[in-house]
Amino acid sequence: MAMGLEAASEIGRRPSGVAVALENVSMTFGAADTDQAVRALQNITLEVRSGAFVSLIGPSGCGKSTLLRLLGDLLAPSAGIIRINGRSPREARLAREYGIVFQQPVLYDWRTVAQNVQLPLEVMRVAADERRQRAAALLELVGLTEFAERYPWELSGGMQQRVSIARALSFRPSVLLMDEPFGALDEMTRERLNRELLNLWSETNTTIVFVTHSVAEAVFLSDRIVVMSPRPGRIDTVIDVDLMRPREAGTREAAHFFELVAEVRHHLREVDTE
Amino acid sequence: MTAGRATPRSGAERRLRLPEPLPVLIVACVILVVWQLVASLYFNASVAPQFRDGAISGADPKVPPEMRVVMMKLPLPSLVLSALVTPDNAPQLWLAGLITLRSAVIGFVVGGLIGFGLAVVMAQTRLIERSLLPYAIASQMVPVIALGPIVYSIFKDENVARILIAAYVTFFPVTVNTLKGLRSVDPSALALMTSLAASRLQVYLMLRVPAALPYVFQALKIAATASVIGAIVVELMGAQQGIGVTILRTQYYGPANASKLWGAIVVASLLGLVFFRVVAITERFALRWQPEFRA
């Protein structure tokens, strides 16, 4: 008993286990050994701690979105092993461990904002009372309480993406997969949503894998940045981001922030000219 | 209750808009006035003064035949309107119209359900679609004229005949459009459902069917008018009641019934119009979220 308690307190708020593990994962589209075969990913080996925030960054065609889809069991790898909290991606998906946020909000137009947030809970047959409570709490968290009964098209793009994030968090998934979620937004909105996302993340134990094109965004958000190179997609470098948390608007003006941005840029330039 | 809802939503809502029936009614009045003028000129030019009363009533055998058919060719709208409101004509025009409409609506509902069900079945796999769709297409190549006598000889009931034909013309557009709708779901919306490990049924109820509804309604609007036409056509081949029967009989009985024939034509088009409007209003209500209906 005593040992159990000790162990639990040691693990603390951010458990130290491995949430996502990839071993020699490769992905080829089209039949192998033919002209049509496109090698999207080659020998990806990566581990992500539970509760960590990891960004994937790289030029177009480096397979970062493909990697995200492999993690989420929306695609099956051609080779290699993927484990999510010790399970296969399929098992993890069936156990509803994933929240997904796409570049587009992908809200259902026929549902109100609150109904959209409740969608995963409906799929999981959560009781109506609890669904409403959780949706209300999440909308409060993303500052959209007064828009609960509106329809998605009555909201701005940034608001829609907040709804999409609230929806992904509604069932408290252990892993959040985000595919350039703020890519379509203007700079100001993007920076505000970056801060909001970090706040949300600090209130959950969610592991986040985040695909982005923006170096500044990756540095601001992440514990680690995985720089990928294209054709076929490979991991070029993994950069640890040792900026203090909590990160705020001022973080973007810190000298070390600029150093890290420069470092990531440097690696990106290298992989792009290869 | 919420402050946000009380505020005016957009300028579009406050923009001056004519009440919907008004432009339609204005056009109707213009047409009627022009028609009345042209028809009276034509009537007065073609029919000698002493035969005019007889040509209108159609009952006077002394009126020469070429003068009697004038009313058939271009009737006076005033006479058609009075035929429509004469209580004696009500059973043959309005009651007959309602009988036809009732069958058309039942057939429309039956055909709509069958069409929808067929689309859901075909949407399951390409194999089923490839096996069934050619038959659905072939079925539409058979003219209703050819089917009517067969249906009568099998069922010997005009209500069944009307309902079957109305269902027959309804199911096809509903099947084709629903199938397209069920297949045209945004891949990301589908990936979301996959990531949530939603069951096939849940994907249908929560995503595919709502996403297909705009396509379904498009088909239902086409089918609303087609089902009325189908029911009328099948009435021509042996029914005892219905607006099609009135059209047929008033034609047989000659010029004396000219204004009643035209009245029946008006009733028939009103049936289709009203049915179409009902479906269109239902669509507007069911698809408030569609871009074209957003306030």
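Below, chain A is the first sequence line, B the second, and so on; all start at residue 1.
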**Q.** Verdict with reasoning, Asp186(A) to Thr189(A), per side chain to side chain donor-acceptor pair (under 3.5 Å)
**A.** CA-CA 6 Å; Asp186(A) 64 87; Thr189(A) 311; 2.7 Å; yes
Q: Only one of Arg111(A), Arg134(A), Arg132(A) passes salt bridge (Lys or Arg N to Asp or Glu O under 4.0 Å) with Glu122(A); say which it is.
A: Arg111(A)
Q.
Using heavy-atom distances under 4.5 Å, tell me whether Phe147(A) contacts chain B through its side chain, its backbone, both, or neither.
A. neither
(Q) Report which part of Arg125(A) has an atom under 4.5 Å of a heavy atom belonging to chain B: side chain, backbone, both, or neither. (A) side chain
Q: Go through Phe171(A), Tyr108(A), Phe102(A) and name the one with the most non-hydrogen pairs under 4.5 angstrom from chain B.
A: Tyr108(A)
**Q.** chain B contacts, top residue of Val123(A), Leu177(A), Leu94(A) (heavy-atom pairs, under 4.5 Å)
**A.** Val123(A)
(Q) Keeping Lys221(B) on the side-chain end and Phe276(B) on the backbone end, is there a donor-acceptor pair under 3.5 Å? (A) no
**Q.** Side-chain donor/acceptor of Glu97(A) to backbone N/O of Ala92(A), under 3.5 Å
**A.** no
**Q.** Heavy-atom pair count under 4.5 Å with chain A, highest-scoring of Leu207(B), Leu213(B), Val203(B)
**A.** Leu207(B)
(Q) Heavy-atom pairs under 4.5 Å with chain A - which of Ser199(B), Ser195(B), Ala211(B), Ala198(B) has more of them than the others? (A) Ser195(B)
(Q) If I measure from the heavy atoms of chain A, does Leu205(B) come under 4.5 Å with its side chain, its backbone, both, or neither? (A) neither
(Q) Between Glu158(B) and Arg162(B), does any side-chain N to carboxylate O distance fall below 4.0 Å? (A) yes
Q | Arg288(B) to Phe285(B) six-membered ring, cation-pi geometry met (6.0 Å, 45°) | A | yes
